[in-house]
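Everything numeric here is computed off the predicted structure, so don't read it as measured data. Each chain gets a letter, A, B and so on, in the order the sequences are listed, and its residues count up from 1.
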2 protein chains.
Amino acid sequence: MTAVLVVDDDPHLLRALRITLQAHGYAVTTAVDGTSALLAATQNPLSLIILDLGLPDIDGTSVLKELRGFSSVPVLVLSARHGSEDKVEALDAGADDYITKPFGLDELLARLRALRRRSVEPDESLVVTEAFTIDLGKHRVTRDGEDIRLTPTEWKILEELVRNPEKLITQQQLLARVWGPAYAKETNYLRVYMAQLRRKLEPDTANPRHLLTEAGIGYRFMP
Amino acid sequence: MTAVLVVDDDPHLLRALRITLQAHGYAVTTAVDGTSALLAATQNPLSLIILDLGLPDIDGTSVLKELRGFSSVPVLVLSARHGSEDKVEALDAGADDYITKPFGLDELLARLRALRRRSVEPDESLVVTEAFTIDLGKHRVTRDGEDIRLTPTEWKILEELVRNPEKLITQQQLLARVWGPAYAKETNYLRVYMAQLRRKLEPDTANPRHLLTEAGIGYRFMP
DNA sequence: GCGGATCTTGACGCTGTCTTAACGGGCGCG
DNA sequence: CGCGCCCGTTAAGACAGCGTCAAGATCCGC
């Protein structure tokens, strides 16, 4: 079964969504403001959240950001605003989809199915190399069953690279994602941390086989 | 979380029950007749069912009998009839409790708690380590057969960690789930409580083997 | 209303992490 | 051949985060 939380302050819309969703096999919980929505998200194991941006207490985007602090549930945002800045802001805050009112129920259901399909729990996302094993779900790196301890920053860099295997990640992308967009010039950080990562992960630091440098551009992870 | 299905054809009562139950932490699904009730019971993994006997389509007792053909979910029956034959018939058909209208919400909630306590969840397993044993179902921790007393907050934290063995739980996840989403900044709490848990559970507090810290990120339980 | 348990809050020292700067080597190019 | 660019490496000081403790506030049962 799919458990979905619907957050909206309009009781009519809430009721309509409840009935429609239940008829399609969803288990529905509801909330009418941001505070109770966050509370419900902590108490219930959810599969999906439908979030209206116009809430009486907290701004919807803020709700989204706070939610992302402790949960990675797929979120579909409802909004009356068509502007592209609004969409960008919501999606950057962690939304997975965005739909504007008024909308057709058929479209909503289709989008929910798509979200559900897309969110295959990355629980068994094990990345194995001959030198070490990375468990993205459990947040662990091991070699021969032994834990390899990584600092938070080391982990974030490794995660960025490993989630895009074989793909070249530019230095600016890495810096922006790990330290924030304001640090795009601090390529020094990358040199320091890539060296630390190689020392911990690569058997032969001088000849890295998995954490590769693309001179002048960025870095690349090879499984 | 406890998922409860409420079956009643009176929309007012349905609404009142939904609000009350949700306020007490239940996830509520509803149905207005016997057919959809049985459908909902097949599609949702339920912990409890509240069933009104006076339904528009099928007789409530028949719904109960059919339900018992494929499910052993605890059922609390609502009825307007006080006669003891009615009670006997419903209980014989598989009901676990019987309450007559009108009823107090306090009583209903108390009966639900009792039902919930009585129904043994099969997936509530025992987690055993060399130092202590955790019984998630019975809500108990023991060492060498001796009870270890935990405060409510200590238990909630331990439960969150133990239900995700080996997995890293971020401080924000823990704070949100134990204290509520508004407490995401109070990492102090975690420091205090992790220390208390270790003092009670870990033989060597200085070298914890099961309750591990991931500095700057969160905590992890190792069996 | 009282007493004990539980929760909140603030302060402290310590450890590990991050930031920063400097140096050396490989490589391409003029 | 020498120069500049970029990378890897190292080390040291600044800083943040953790464990610990204890005292005050609050809750709860009797």
Side-chain angles (χ1 to χ4, degrees), chain A residues 69 139 141 147-161 168-172 174-180 182-221, chain B residues 139 141 147-161 168-180 182-221:
Chain A
H139 200 286
V141 185
D147 252 47
I148 300 179
R149 297 193 32 163
L150 296 186
T151 72
T153 310
E154 286 166 4
W155 172 263
K156 279 195 223 162
I157 295 174
L158 183 64
E159 190 178 19
E160 282 298 332
L161 293 171
L168 175 62
I169 313 291
T170 69
Q171 304 184 19
Q172 278 63 38
L174 270 177
L175 287 164
R177 291 178 196 170
V178 174
W179 279 272
Y183 290 73
K185 296 285 171 58
E186 307 286 345
T187 58
N188 222 354
Y189 292 8
L190 287 182
R191 295 214 298 281
V192 172
Y193 275 96
M194 289 307 296
Q196 288 182 8
L197 273 175
R198 288 194 180 120
R199 200 177 322 131
K200 290 185 178 182
L201 299 179
E202 296 274 8
D204 181 7
T205 306
N207 285 46
R209 308 183 60 153
H210 304 106
L211 299 173
L212 309 182
T213 302
E214 214 76 24
I217 312 180
Y219 294 88
R220 183 198 306 272
F221 169 76
Chain B
H139 208 279
V141 185
D147 254 44
I148 300 179
R149 287 179 43 102
L150 295 186
T151 72
T153 309
E154 286 166 2
W155 173 261
K156 280 195 223 164
I157 296 173
L158 182 64
E159 189 177 18
E160 283 298 333
L161 293 171
L168 175 62
I169 312 293
T170 69
Q171 306 183 56
Q172 278 65 36
Q173 286 172 341
L174 274 176
L175 287 165
R177 292 178 193 168
V178 175
W179 278 272
Y183 291 75
K185 296 283 172 60
E186 307 287 344
T187 57
N188 244 348
Y189 292 9
L190 287 181
R191 296 216 296 281
V192 172
Y193 275 95
M194 288 306 297
Q196 289 181 7
L197 274 175
R198 288 196 180 117
R199 203 173 319 132
K200 291 185 177 181
L201 299 179
E202 297 273 8
D204 181 6
T205 306
N207 286 44
R209 308 181 62 149
H210 304 106
L211 299 173
L212 308 183
T213 302
E214 213 78 24
I217 313 179
Y219 294 89
R220 184 198 307 273
F221 169 75

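Between the CG atom of B/Leu211 and the C1' atom of D/dT20 there is a distance of 16 Å, given to the nearest Å. Counting to the nearest Å, the P atom of D/dT26 and the CH2 atom of B/Trp179 are 18 Å from each other. The interatomic distance linking B/Asn207 (CG) with D/dC18 (P) rounds to 18 Å, in whole Å.
Remark: the backbone N or O of A/Arg209 is paired with a side-chain donor or acceptor of A/Glu202 at under 3.5 angstrom. Here the side chain of A/Glu154 pairs a donor or acceptor atom with the backbone of A/Thr151 at under 3.5 angstrom. Formation of a donor-acceptor pair under 3.5 Å by the B/Gln173 side chain with backbone atoms of B/Thr170 is found in this model. Formation of a donor-acceptor pair under 3.5 Å by the B/Arg220 side chain with backbone atoms of B/Ile169 is not found in this model. With A/Asp147 contributing its side chain and A/Arg149 its backbone, the two residues share no donor-acceptor pair below 3.5 Å.
Nearest-nucleotide assignment on DNA chain C puts the 5′-proximal partner with B/Glu186, out of A/Glu154 and B/Glu186.
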| query | Which letter, B, S or -, goes with each nucleotide of nucleotides 7-17 of chain D from 5' to 3', with contact meaning a protein heavy atom under 4.0 Å? | reply | BBBB------S

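In 5' to 3' order, the nucleotides of DNA chain C bounding all contacts with chain A (an atom under 4.0 Å from a heavy atom) are C/dT17 to C/dA21.
In this structure, the separation between NZ on A/Lys200 and CG on A/Leu158 is 11.0 Å, given to the nearest 0.5 Å.
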| field | Criterion ring-ring contact (aromatic ring centres under 6.0 Å, His included) on A/Trp179 and A/Tyr193, from CA distance to verdict | value | CA-CA 12 Å; A/Trp179 279 272; A/Tyr193 275 96; 5.6 Å; yes

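The closest side-chain donor-acceptor pair between A/Arg191 and A/Thr213, if any, does not fall under 3.5 angstrom.
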